[in-house]
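Just below is one structure, and these are the notes that go with it.
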Amino acid sequence: MRAYRASAFGCARTFPGRPVLAWADVGLAHFRTRCRGVVVVPFDKHLATGAEVDLAMMRTRTHEAYVTLAALVAEGFPDVRG
């Protein structure tokens, strides 16, 4: 298996309310065919400030997207239980 097939890809939206650009859709489609999974994280005003992350201030959809991305990454960890 090539290394990229074991990869997880996260794409964070950086601007509010803007539609996903056509080239971004093409890029996401590219990664979807080559990676184990792709997670798009919606724009979050709290994260856009660049300050310390406070999970309680993060929007629910954003928090869920990051949890999904973390789970996708963790699925790729080796099983060390023997």
Side-chain angles (χ1 to χ4, degrees):
M1 177 189 299
R2 295 191 179 198
Y4 61 82
R5 295 236 186 255
S7 300
F9 181 78
C11 177
R13 300 285 307 275
T14 56
F15 297 101
R18 290 189 182 175
V20 175
L21 303 173
W23 63 264
D25 279 338
V26 171
L28 290 173
H30 169 83
F31 284 106
R32 282 188 179 107
T33 63
R34 288 164 176 81
C35 298
R36 284 186 300 110
V38 173
V39 177
V40 177
V41 179
F43 173 81
D44 192 292
K45 194 164 128 177
H46 169 60
L47 298 178
T49 65
E52 184 176 337
V53 174
D54 180 347
L55 296 177
M57 294 181 69
M58 194 182 296
R59 290 176 43 212
T60 301
R61 286 181 52 217
T62 305
H63 187 266
E64 289 172 355
Y66 276 115
V67 168
T68 300
L69 180 58
L72 184 62
V73 169
E75 285 174 4
F77 292 164
D79 187 355
V80 294
R81 293 177 282 179

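Remember, it's a predicted structure, so these values are computed and weren't measured experimentally. Numbers for residues simply follow the sequence, beginning at 1.
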Which residues pass the side-chain contact (heavy atoms from CB on, under 4.5 Å) test with Glu75, sequence neighbours left out?
-> Arg36, Leu72
For His63, which residues count as a side-chain contact (heavy atoms from CB on, under 4.5 Å) partner, sequence neighbours excluded?
-> Leu55, Met58, Val67
Least distance between heavy atoms, [X] atom then [Y] atom:
X: Ser7; Y: Cys35; answer: O-CB, 3.3 Å
X: Cys11; Y: Leu28; answer: CB-CD2, 4.0 Å
X: Ala65; Y: Val39; answer: O-CG1, 3.4 Å

For Arg32, does the CZ atom sit with more than 12 other heavy atoms under 6.0 Å from it, leaving out its own atoms?
-> yes
Does Leu69 belong to the same Ile/Leu/Val/Met/Phe/Trp/Tyr cluster as Val40, with side-chain heavy atoms less than 4.5 Å apart forming each link?
-> no
Is Val53 close to Tyr66 at the side-chain level, that is, under 4.5 Å between some pair of heavy atoms?
-> no
Return yes if some donor-acceptor pair links the side-chain N/O of Arg59 with the main-chain N/O of Lys45 below 3.5 Å, else return no.
-> no
